[in-house]
Amino acid sequence: MYRSEFLQTLAARGHIHQLTDAEALDAAAAAPGLVAYVGYDCTAPSLHVGNLATIMLLRRLQQCGGRPIVLLGGGTTKIGDPSGKDSARRLLDDTEIAANKASIRTVFERFLAFGDGPSGALMVDNAEWLDGLAYIPFLRDYGRHLSVNRMLAQDSVRLRLEREQPLSFLEFNYMVLQAYDFVELARRHGCRLQMGGSDQWGNIVQGIDLGRRVGCPDLLGLTTPLITTADGAKMGKTAAGAVWLNPDQLSDWDYWQFWRNTDDRDVGRFLRLFTDLPLDEIARLEALEGAERNVAKVALANAATALCRGPEAAARAEATARATFGEGGAGEGLPEARVVFPVGVIDALTATGLAASRGEARRKLAEGAVRFEGQVVTDAEARLPHPGRLSLGRKRHARLVPA
RNA sequence: GGAGGGGUGGCCGAGCGGUCAAAGGCAGCAGACUGUAAAUCUGCCGACGUCAGUCUACGUUGGUUCGAAUCCAACCCCCUCCA
């Protein structure tokens, strides 16, 4: 059992996969002011729910009095992390990276309190020190401490090689720079702990080793389990794509619905991982049976949405859900399409995005999946005379409003 | 460098001159059953189009043919074995 509040919390909520040195970390976390970081690459304009596991780690650290550092990989994104990939991904140019970075950083303000205090969160960009690295001095100062033998044994590299997939020298350097990041953060900000997903274990350990050799001993590492859903899929991938954290990539309504539609078997686990609800409250919600489980799912959706999008957004989404599902109405938060009445059903279906193409709209009509104001519509020629709720299936709804 | 094998729809994977918008599986969507769950069964699943039909697709570019994912040539990429 751990002594520190931080590790106790993480353990109780299911955040821990591996620790490099449990006792040392427990001791470090028990003392005030532990500084820890997680790195995020800027490969997309938004992080997604898959990243939530580590974001929550930073949040919990801050709640326990530690200082979280968000490292945006403006520098490492130029290289591309080969971990878990069979092929190199497209290289992003500087403009894309800068735009992604600017967009990503906004979401952290919801989860962390930034500031200069002892537990104020900090955001840094590794381009700050990586861009200016001089090759030869870097090789002489750090390269000699890095063992190629060991790097080759690293999963991210080994698996690639075993599968006879090409691995460029550029990608090979990713772990070198990540290791260097850790050392740099230790020096600049007294950062002792790097956290990350379980796939980052190798990279984290590299950093710790490098630190030991260049005068930053006693660095620590912690990884979270890869979060999968009960049916075995990686969390956060839906048909529509990733579940983005940024509101301009995914509406509050859809974000809330993502959580509301959680598989029964995942509800307790997700409540612990992704909300701040107290554990005894979670235990109570988790014990609910049958249709009562929906109460737990609403609680999960509310809490998760409140964290990421704010309490108002969560309340709005819940009200929309109640109006839409409970009362058969058309809640305010539903997606809207502006149309000229009367509008053909097929046009309405494509305009609202309920159907991706006119052909699909036609098929769904034939399947009896389309309803307007709760009435099934099967005639592809039907014209909808006035504003109202258009539904495809029981879950997907949209509002038609006058243009 | 030499000898073979291969590149097919979101993924896996059949097809090897017409009946191929292309078997099957997975994923996805919908219907039934439910609790906006799971499991199960059923249907759908390139685009446009009033079920006719048109267009775009089987690595790329040309060619043979009435007709090509299927044959030929060149090119690009990948794999296996040999050096």
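Proteins get letters first, then strands, A, B, ... in listed order; numbering begins at 1 in each. Below, each value reflects all heavy atoms present in this structure, side chains not excepted, and no hydrogens, waters or symmetry copies.
One finds a side-chain N or O of A/Arg358 lying less than 4.0 angstrom from the OP1 or OP2 phosphate oxygen of B/G49. The side chain of A/Arg265 places no N or O atom within less than 4.0 Å of a non-bridging phosphate oxygen (OP1 or OP2) of B/A39. A sub-4.0 Å separation between OP1 or OP2 of B/C48 and a side-chain N or O of A/Ser357 is present. Neither OP1 nor OP2 of B/A30 sits under 4.0 Å from any side-chain N or O of A/Lys395.
The residue A/Arg293 sits close to a base: some heavy atom pair falls under 4.0 Å. Using a 4.0 Å heavy-atom distance criterion, A/Asp263 is classed as a sugar-phosphate-only contact. Contact annotation for A/Trp256: base contact, defined as any heavy-atom pair under 4.0 Å involving a base atom. Within the nucleic acid shown, A/Gly290 comes within 4.0 Å of at least one base atom, counting heavy atoms only. Residue contacts shown for A/Gln257 include a base, since a base heavy atom lies under 4.0 Å away. The residue A/Ala380 sits apart from the nucleic acid: no heavy atom pair falls under 4.0 Å.
For the pair A/Lys297 NZ and B/A37 C1', the interatomic distance rounds to 4 Å; values are reported in whole Å. B/U50 atom P lies 13 Å from atom CG of A/Asp379, rounded to whole Å. In this structure, the CD atom of A/Glu367 is 8 Å from the P atom of B/C44, given to the nearest Å. Rounded to whole angstrom, the span from the CG atom of A/Leu354 across to the P atom of B/C44 amounts to 22 Å. Put simply, CG on A/Leu300 is 15 Å from P on B/A37, counting in whole angstrom units. Note: CZ (A/Arg362) to C1' (B/C51) measures 10 Å, nearest angstrom. Rounded to a whole Å, the CZ atom of A/Arg396 is 7 Å from the C1' atom of B/C29. Distance CG (A/Leu285) to C1' (B/A37): 16 Å, rounded to an integer number of Å.
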Checking A/Glu281 against A/Arg284 for the salt bridge (charged side-chain N to carboxylate O under 4.0 Å, His left out) test, could you report, in this order, the C-alpha distance in whole Å, the side-chain angles of both residues, the deciding distance, and whether it holds? CA-CA 5 Å; A/Glu281 170 71 359; A/Arg284 188 185 69 77; 3.3 Å; yes
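Applying the side chain to side chain contact (heavy atoms under 4.5 Å, CB included) criterion to A/Ser103, with sequence neighbours excluded, gives A/Pro45, A/Asn246.
For the atom pair OG1 (A/Thr20) and CD (A/Gln194), the distance works out to 10.5 Å, reported to the nearest 0.5 Å.
Comparing the C1' positions of B/A69 and B/C51 gives an interatomic distance of 28 Å, to the nearest angstrom. The gap from the P atom of B/G13 to that of B/U19 amounts to 25 Å, rounded to the nearest Å. To the nearest whole angstrom, the two C1' atoms, one in B/G63 and one in B/A68, are 12 Å apart. Using atom C1' as the reference point in both B/U70 and B/G53, the two lie 26 Å apart (nearest Å). Nucleotides B/C26 and B/U61 are separated by 34 Å at their P atoms, to the nearest Å. Distance noted for atom C1' between B/U80 and B/C45: 37 Å (whole Å). When the P atom is compared between B/G9 and B/G15, the two are found 16 Å apart, to the nearest whole Å. Across B/C76 and B/A27, the matching C1' atoms stand 31 Å from one another, rounded to whole Å.
Of all nucleotides present, only B/C29 satisfies the Watson-Crick or G-U wobble test against B/G43, with each distance under 3.5 Å. Using the Watson-Crick or G-U wobble rule with both distances under 3.5 Å, B/A38 pairs with nothing in any strand shown. Across all strands shown, B/C79 is found opposite B/G4 as a Watson-Crick or G-U wobble partner, with both distances under 3.5 Å. Summarising the base pairing, B/U50 is matched to no nucleotide, lacking a Watson-Crick or G-U wobble pair whose two defining distances lie under 3.5 Å. Base pairing of B/A23 is not made with any nucleotide, judged by Watson-Crick or G-U wobble geometry with both donor-acceptor distances under 3.5 Å. With both pairing distances under 3.5 Å, B/A74 is matched to B/U60 as a Watson-Crick or G-U wobble pair.
Contact annotation: side chain of A/Lys364 to base of B/C44, donor-acceptor pair absent below 3.5 Å.
Side-chain atoms of A/His15 and A/Thr224 include no donor-acceptor pair closer than 3.5 Å.
A salt bridge does not link A/Glu360 to A/Arg363: none of the charged nitrogens lies less than 4.0 Å from a carboxylate oxygen. Between A/Arg188 and A/Glu184, at least one side-chain N (NZ, or NE/NH1/NH2) sits under 4.0 Å from a carboxylate O, which counts as a salt bridge.
Place A/Leu392 and A/Asn261 on RNA chain B by their nearest nucleotides, and A/Leu392 ends up nearer the 5' end. Both A/Ile346 and A/Asn294 lie near RNA chain B, and the one whose nearest nucleotide falls closer to the 5' end is A/Asn294.
Here the side chain of A/Arg192 pairs a donor or acceptor atom with the backbone of A/Asp218 at under 3.5 angstrom.
By the neighbour-count criterion of 12 heavy atoms within 6.0 Å, atom CZ of A/Arg150 is densely surrounded, having more than that number from other residues, nucleotides or ligands.
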